[in-house]
Amino acid sequence: MTLLQLKYIVKIVECGSMNEASHELYVSQPALSSSVKELEKELGIEIFTRSSQGIALTVDGAEFLTYARQVLDQASLLEERYKNAKPRKQLCTVSTQHYMFAVEAFVEMINSIRSDEYEFTIRETRTRDIIDSVANMRSDLGIIYLSDFNKDVIGKLLREKHLEFHPLFRAPLHVFISRDNPLAMKKLITMKDLKPFPFIQYEQGEDGSFYFAEEAVWPDYSPKQINVTDRATILNFIIGLNGYTVCTGIDNGDLNNEKIVTVPLDSDETMLVGWITNERAKLSTAAESYLEKLKSVVTDHGYNLID
């Protein structure tokens with residue numbers, strides 16, 4: 001086993017495919033594949049499963065990846081100490097539902113990092129993609145919510161994929177609406193109040209269901225409904241079409257648009273927001289720093305953290 005082989009494994013996981021990894025490593029795909037197979041033969045385990053859809057980590061592979069990253073980190077420290085070489089880039093990847101506070105914390109984390117080199121990624125994406133990304137270790141952590149409606153289904157999926165949910169805070173439901181909306185001055189809005197306006201929700205793909213929806217509640221029937229994939233679009237539709245969506249209520253004037261307000265929704269449902277991690281993985285220093293910033297941002301917005 002060599003450090004080069006360990007670097008190959010880590011890069012393949014980061015890229016998600018053997019072909020892309022070979023390009024970034026400047027190694028032919030047959031040579032890369034051969035090196036992986038030799039390592040698997042030496043260790044007596046299968047690191048990747050291979051199919052027509054691509055490759056994926058096995059259970060043994062996920063465990064091996066954790067140790068490989070630790071070895072490479074230690075090797076990097078040795079090089080830095082004795083060869084005066086540059087340390088490895090600080091890496092951190094976060095997958096999240098479409099939360100402004102998650103982005104705000106990411107900005108604060110990057111501003112606090114004292115490093116000449118880093119590579120950070122934040123993905124606002126679908127619920128199932130978040131879960132799969134953390135399960136495959138392409139993300140250090142993911143940010144999702146649980147509710148009375150979805151907790152059994154989501155919880156079962158997390159257990160099957162060896163993921164852990166860590167509660168962060170509980171939020172009563174709010175709606176995002178335009179400041180020009182006639183409901184904007186109300187202290188409490190009902191779903192009946194919202195019926196004349198377009199309901200905007202984040203699209204969850206063909207494999208999605210109500211259990212994976214980012215909106216904790218939705219109208220029984222909405223004559224006007226729009227599905228979107230990104231936060232910029234949903235905000236533009238709220239302003240331009242007088243639409244609405246259901247959210248935690250955390251808003252940020254620096255990251256959002258002053259033309260949008262949040263108003264409490266009359267509902268007994270709440271959102272238990274938290275982060276998920278892979279039980280086989282150890283968080284990087286940058287990921288730990290992100291969690292600290294995330295907790296700080298949440299408390300700054302007036303919410304109590306859950307121990």
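Because only heavy atoms are used, hydrogens play no part in the values below, and waters and symmetry mates are left out as well, while side chains stay in.
With rounding to the nearest 0.5 Å, the separation of CG in L157 from OG1 in T127 is 10.5 Å. Here the straight-line distance linking atom CD1 of I9 with atom OG of S35 works out to 7.0 Å at 0.5 Å rounding. Put simply, CG on L168 and CG on L291 are 8.5 Å apart, with the number rounded to the nearest 0.5 Å. To the nearest 0.5 Å, atom SG of residue C15 and atom NE2 of residue H23 are 10.0 Å apart. Put simply, CG on D230 and OG1 on T125 are 11.0 Å apart, with the number rounded to the nearest 0.5 Å. The distance from atom CG of L241 to atom OG of S178, rounded to the nearest 0.5 Å, is 10.5 Å.
Under the 4.5 Å side-chain heavy-atom criterion for Ile, Leu, Val, Met, Phe, Trp and Tyr, L57 and L43 are members of the same hydrophobic cluster. Linking Ile, Leu, Val, Met, Phe, Trp and Tyr residues whenever their side-chain heavy atoms come within less than 4.5 Å places I55 and I45 in a single cluster. Cluster annotation: Y303 is connected to L305 through the hydrophobic network of ILVMFWY side chains, with a link wherever side-chain heavy atoms come within less than 4.5 Å. Each of V59 and I12 belongs to its own hydrophobic cluster when Ile, Leu, Val, Met, Phe, Trp and Tyr are linked at side-chain heavy-atom distances under 4.5 angstrom. With hydrophobic clusters built from ILVMFWY side chains whose heavy atoms lie under 4.5 angstrom apart, Y118 shares a cluster with L141.
Of the possible polar contacts, one joining the N278 side chain to the A135 backbone as a donor-acceptor pair under 3.5 Å is found. For T49 (side chain) and A56 (main-chain N/O), a donor-acceptor pair under 3.5 Å exists by modelled atom type. Within the 3.5 Å criterion, the main-chain N or O of T2 finds a donor-acceptor partner in the side chain of Q5. Of the possible polar contacts, none joining the E269 side chain to the S147 backbone as a donor-acceptor pair under 3.5 Å is found. When atom types are taken as modelled, the side chain of E203 and the backbone of G205 share a donor-acceptor pair closer than 3.5 angstrom. Although no hydrogens or angles enter the test, the distance criterion places a donor-acceptor pair under 3.5 Å between the side chain of T66 and the main chain of R280. A donor-acceptor contact shorter than 3.5 Å is absent between the side chain of R123 and the backbone of T121. For the pair H174 (side chain) and V263 (backbone), a donor-acceptor distance under 3.5 Å is absent. No donor-acceptor pair closer than 3.5 Å links the side chain of S133 to the backbone N or O of I130. With hydrogens and angles disregarded, a donor-acceptor distance shorter than 3.5 Å links the side chain of E40 to the backbone of I47.
K224 has its side chain out of reach of F197: every pair of non-hydrogen atoms, C-beta onward, lies at least 4.5 Å apart. At least one side-chain heavy atom of L294 sits under 4.5 Å from a side-chain heavy atom of I143. With contacts defined as side-chain heavy-atom distances shorter than 4.5 Å, the pair Y8/K11 does not qualify. Contact annotation: the side chain of V228 never approaches that of T245 to less than 4.5 Å [non-hydrogen atoms, C-beta and beyond]. Put simply, the side chain of K192 does not reach to within 4.5 Å of the side chain of K195, judged on heavy atoms. Looking at K259 and D180, their side chains never come closer than 4.5 Å, going by heavy atoms from C-beta outward. Side-chain contact between Y290 and F120: absent, with no pair of heavy atoms (C-beta onward) separated by less than 4.5 Å. Here the side chains of I260 and I239 are in contact, with some heavy-atom distance below 4.5 Å.
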From CA spacing to verdict: side-chain contact (heavy atoms from CB on, under 4.5 Å), E292, S296: CA-CA 6 Å; E292 291 304 312; S296 176; over 6 Å; no
Does N227 form a side-chain contact (heavy atoms from CB on, under 4.5 Å) with Q204? I'd like the steps, not just the answer. CA-CA 9 Å; N227 301 318; Q204 294 295 325; over 6 Å; no
Could you go through Y67 and L6, starting from their C-alpha distance and side-chain angles, then the distance that decides it, and tell me whether this counts as side-chain contact (heavy atoms from CB on, under 4.5 Å)? CA-CA 9 Å; Y67 288 113; L6 301 186; over 6 Å; no
Begin from the C-alpha positions of M137 and R69 and carry the test side-chain contact (heavy atoms from CB on, under 4.5 Å) through to its verdict. CA-CA 11 Å; M137 295 190 184; R69 282 173 168 163; 4.2 Å; yes
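Results of the ring-ring contact (aromatic ring centres under 6.0 Å, His included) test with F149 over W218, F210, F212 single out W218 as the only residue that passes. With M100 as the partner, the side chain to side chain contact (heavy atoms under 4.5 Å, CB included) test is satisfied by one option alone out of H301, E124, R231: R231. With respect to F169, the ring-ring contact (aromatic ring centres under 6.0 Å, His included) criterion is satisfied by exactly one of Y99, F101, W275: F101.
Residue A286 comes nearest to M109 through the heavy atom pair O-CG, 4.0 Å, listed as atom of the first residue, atom of the second, then distance. Nearest approach of E288 to L283, heavy atoms of both residues: OE2-CB, 3.8 Å. Minimum interatomic distance between V134 and G142 (heavy atoms only, all atoms of both residues): CG2-N, 3.5 Å. When all heavy atoms of A287 and D140 are compared, the pair lying nearest together is CB-CB, 4.0 Å. Residues V13 and R138 approach most closely at O-CG, 3.6 Å, considering heavy atoms. Residues A216 and V246 come closest through the heavy atom pair N-CG1, 4.4 Å.
Using a 4.0 Å cut-off between charged side-chain N and carboxylate O, K161 and D132 make a salt bridge. Between E38 and K41 there is no salt bridge, since no side-chain nitrogen of the basic residue lies less than 4.0 Å from a carboxylate oxygen of the acidic one. Under a 4.0 Å N-O distance rule, the pair E104/K293 does not qualify as a salt bridge.
For the ring-ring contact (aromatic ring centres under 6.0 Å, His included) test, no residue two or more places apart in sequence or in another chain qualifies with F165. With sequence neighbours excluded, the residues satisfying side-chain hydrogen bond (donor to acceptor under 3.5 Å, both in side chains) with H98 are E214.
Aromatic ring centroids of Y244 and F199 lie under 6.0 Å apart.
Between the side chains of N236 and T233, no donor-acceptor pair of N or O atoms lies under 3.5 Å. In this structure, a donor-acceptor pair under 3.5 Å is present between the side chains of T270 and R170.
The 12-atom threshold is not exceeded at CG of D220, counting heavy atoms of other residues, nucleotides or ligands nearer than 6.0 Å.
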